Amino acid sequence: MKETNAATATVVKIELAIKALDYHIERLETKLSFLIRSYDDPRTDLLYPYEKKIATVKQEIDDATEQRRSL
């Protein structure tokens, strides 16, 4: 019986971690979309600081997605 409770607790922890990562990824994607829309002027290239911010957010999304896959 203890093994069943431990297994159930582990599954619940994994499910909560996945939900947290899904929420985190969703927020990062929203942030990325905002950055791109806000600073994507067709008349000019993105300024370096915004390009760097966009690259950082993309990397954070990749990292969070990889963490989710590993669960």
Side-chain angles (χ1 to χ4, degrees):
M1 189 67 154
K2 281 186 177 182
E3 290 177 10
T4 303
N5 290 340
T8 301
T10 300
V11 169
V12 169
K13 286 179 184 179
I14 291 171
E15 288 174 350
L16 289 174
I18 288 172
K19 285 182 183 182
L21 283 169
D22 285 345
Y23 179 72
H24 182 60
I25 291 166
E26 184 178 311
R27 287 184 54 130
L28 287 170
E29 288 172 340
T30 301
K31 183 177 181 179
L32 178 62
S33 178
F34 171 79
L35 283 170
I36 291 171
R37 279 194 324 267
S38 296
Y39 304 105
D40 191 15
D41 184 342
R43 294 167 289 178
T44 61
D45 289 335
L46 290 174
L47 299 174
Y48 176 75
Y50 298 112
E51 290 176 347
K52 189 172 180 179
K53 284 181 185 179
I54 288 170
T56 299
V57 173
K58 284 181 178 179
Q59 185 59 52
E60 289 178 19
I61 291 170
D62 290 345
D63 292 346
T65 302
E66 184 57 37
Q67 285 179 341
R68 189 186 185 289
R69 272 193 219 118
S70 69
L71 293 176

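Bear in mind that the values here come from a model prediction, so they are computed numbers and not experimental data.
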Distance-only donor-acceptor hits, side chain of residues 57-65, under 3.5 Å, sequence neighbours excluded:
residue	atom	partner	partner atom	Å
Gln59	NE2	Asp63	OD1	2.7
Thr65	OG1	Ile61	O	2.8

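- The CD atom of Glu29 sits 9.5 Å away from atom OG of Ser33, with the distance rounded to the nearest 0.5 Å.
- We find the CG-CD1 distance between Asp22 and Ile18 to be 7.5 Å, quoted to the nearest 0.5 Å.
- The distance from atom OG1 of Thr10 to atom CG of Asn5, rounded to the nearest 0.5 Å, is 10.5 Å.
- In this structure, CG in Leu16 is found 11.0 Å from CG in Leu71, a value given to the nearest 0.5 Å.
- Taking Phe34 as the reference, Arg37, Ser38 meet the side chain to side chain contact (heavy atoms under 4.5 Å, CB included) condition, with sequence neighbours excluded.
- Between atom CG of residue Leu35 and atom CG of residue Leu28 there is a gap of 10.5 Å, rounded to the nearest 0.5 Å.
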